[in-house]
Amino acid sequence: MPLNALQIYKLLPRTNCKECGLPTCLAFAMRLAAKQAELDSCPYVSDEAKAALAAAARPPMRLITIGSDEHKIEVGNETELFRHDRAFYHPPGLMVRVKDTQSIQEIEETVSRVDAYSVDLVGMAFGLDGIALENASGEVGAYLKALEAVQANTDLPLILMAKDPVVMAAALEKLNRTVPLIYAATEDNWSDMAGLARQHKCPLAVLEAGGLDELATLVKQVEDAGMDDIVLDPGTRGFSDSLRVLTQIRRLALRRSFHLFGYPTITFPGEGSDSAEEEALLASQHVAKYGGFIVLDRFDPATVYPLTALRLNIYTDPRVPIQMKPGIYEFGEPTADSPLLTTTNFSLTYFSVAGEIEASGIPCRLLVTDSEGMSVLTAWAAGNFDAERIAKDVKAFEVADTISHRKIIIPGLVAVIMGELEEELPGWEVLVGPREAIDIPRYLRGIWQ
Ligand code: SF4
């Protein structure tokens with residue numbers, strides 16, 4: 001059973017030396033109890049206390065890393081069953097599978113497209129995370145040729161998929177980069193696969209479709225063989241069974257501290273679907289609950305884009321809004337006569353406004369104020385987007401030096417601050433813009449011009 005904060009505190013040195021980065025031993029104990037700190041951060045814990053604290057110090061779900069420093073995927077180490085309880089921290093790796101039964105040209109084309117894929121979401125660049133290469137032929141030669149083609153076209157992390165330990169051993173020898181995920185140890189091959197994973201210091205996926213009891217037994221065998229870095233595949237593939245089983249695994253790991261399931265999972269939505277649309281839907285279910293590595297069988301930007309957006313939404317800490325840097329943003333090539341608008345630095349607000357300004361085709365400047373990442377009405381209600389704050393940023397960013405007129409367009413939602421802002425900015429005319437971003441082009445083309 002995990003220890004509570006007070007029980008842990010009694011086992012600590014209680015000197016409050018602060019070397020763990022926290023002000024007191026009690027604060028450190030509370031972090032340990034919440035699985036938010038590593039015991040190693042305290043250099044003074046005795047061996048006896050270490051043994052007693054092992055259960056409390058172990059994170060409920062292990063962090064698994066594959067790839068290199070430049071391109072790595074980290075999954076696991078989650079502490080919540082529901083994202084709204086705090087946050088999900090490590091987004092699932094979205095990978096695309098190729099098989100050694102495909103032609104080399106086909107493999108190269110798919111891998112190159114995956115490697116080059118990049119989308120811009122709320123000012124951040126996102127791509128796919130890696131390639132899974134399956135030994136569908138069962139032959140060593142075909143697998144090594146396919147691996148060569150993959151490695152020639154991407155540096156992204158890899159999952160090596162083979163049932164035969166001989167094939168896996170040959171692929172690991174030929175690998176020219178660090179840390180793939182080995183898939184998979186099964187009832188038949190786990191001893192050899194665990195040996196290879198240990199030898200090459202790679203995480204090992206464990207596949208057992210016979211049920212959760214059988215999966216736990218196999219994980220125990222692999223752990224006893226010296227493996228710490230494990231990924232779980234319970235073998236479920238459809239919508240309902242994967243939701244049920246992945247939820248059970250997460251619940252047992254977090255709520256019951258069942259350490260044999262304290263690892264991230266790997267899913268294959270293409271195997272539970274009859275079409276590209278179904279695969280995308282199932283993958284989105286796995287993004288939400290509870291895929292660690294999600295291996296797609298089809299690469300289509302039309303489905304990968306929404307999956308990436310969904311992943312960003314779910315794995316964004318709801319307590320920390322994504323913010324734009326405050327300042328003046330230019331659209332087109334604005335002159336001194338171009339309109340000046342203002343909004344908050346909540347990224348979704350910014351991108352809604354920016355998109356509509358661009359759609360208007362009219363060069364503009366947009367003053368993004370420091371509103372602590374809140375949307376317009378919320379920021380206004382919190383006092384972070386009032387006349388004083390806007391006037392302060394007009395001066396701080398020397399807006400008057402860039403325009404010949406003295407007009408500023410405020411969002412229609414905060415029309416109420418118009419008079420106050422004119423008092424804060426003597427000589428300026430404050431114009432009330434539309435309430436909704438979608439009406440900005442009409443406003444600019446009509447009222448402004
Ligand atoms: Fe206490 Fe150890 Fe932290 Fe020092 S490093 S304050 S002894 S928990």
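Everything quoted here is computed from the prediction, not taken from an experiment. All ligand and atom numbering here is 1-based and tracks the order in the structure.
Between Leu212 and Phe261, the shortest heavy-atom contact is O-CZ, 3.4 Å. Residue Thr344 comes nearest to Met374 through the heavy atom pair OG1-O, 2.8 Å, listed as atom of the first residue, atom of the second, then distance. Taking both residues in full, the closest heavy atoms of Ala171 and Leu147 are given as O-CD2, 3.5 Å, listed atom of the first, atom of the second, then distance.
Put simply, Cys42 stays out of reach of atom 1 (Fe) of ligand 1, with no N, O or S atom under 2.8 Å from it. Metal site remark for atom 3 (Fe) of ligand 1: Cys20 contributes an N, O or S atom at a distance under 2.8 Å.
With respect to atom 4 (Fe) of ligand 1, the closest heavy atom belonging to the protein is Cys17 SG, 2.3 Å. Ranking protein heavy atoms by distance to atom 1 (Fe) of ligand 1, first place goes to Cys25 SG, 2.2 Å.
Residue contacts with ligand 1, taken as heavy atom pairs separated by less than 4.0 Å, involve Lys18 solely via the backbone atoms N, CA, C and O. Of the heavy atoms in Val45, none comes closer than 4.0 Å to ligand 1. Heavy atoms of Pro13 found under 4.0 angstrom from ligand 1 belong exclusively to the side chain.
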Verdict with reasoning, Asn189 to Thr186, per side chain to side chain donor-acceptor pair (under 3.5 Å): CA-CA 5 Å; Asn189 68 13; Thr186 62; 3.2 Å; yes
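Each of the following atoms of ligand 1 lies closer than 4.0 Å to a heavy atom of Phe28: 8 (S). Contact atoms of ligand 1 toward Asn16: 6 (S) (distance under 4.0 Å to a heavy atom of the residue). Near Thr15, meaning under 4.0 Å from one of its heavy atoms, ligand 1 places the atoms 7 (S).
Asn345 and Ser371 share a side-chain donor-acceptor pair at under 3.5 Å.
Partner of Asp229 under the salt bridge (charged side-chain N to carboxylate O under 4.0 Å, His left out) criterion, chosen from Arg62, Lys201, Arg198: Arg62.
Ring-plane geometry between Phe268 and Tyr183 is classed as perpendicular, the angle between the planes exceeding 60 degrees on a 0 to 90 degree scale with a lower cut at 30.
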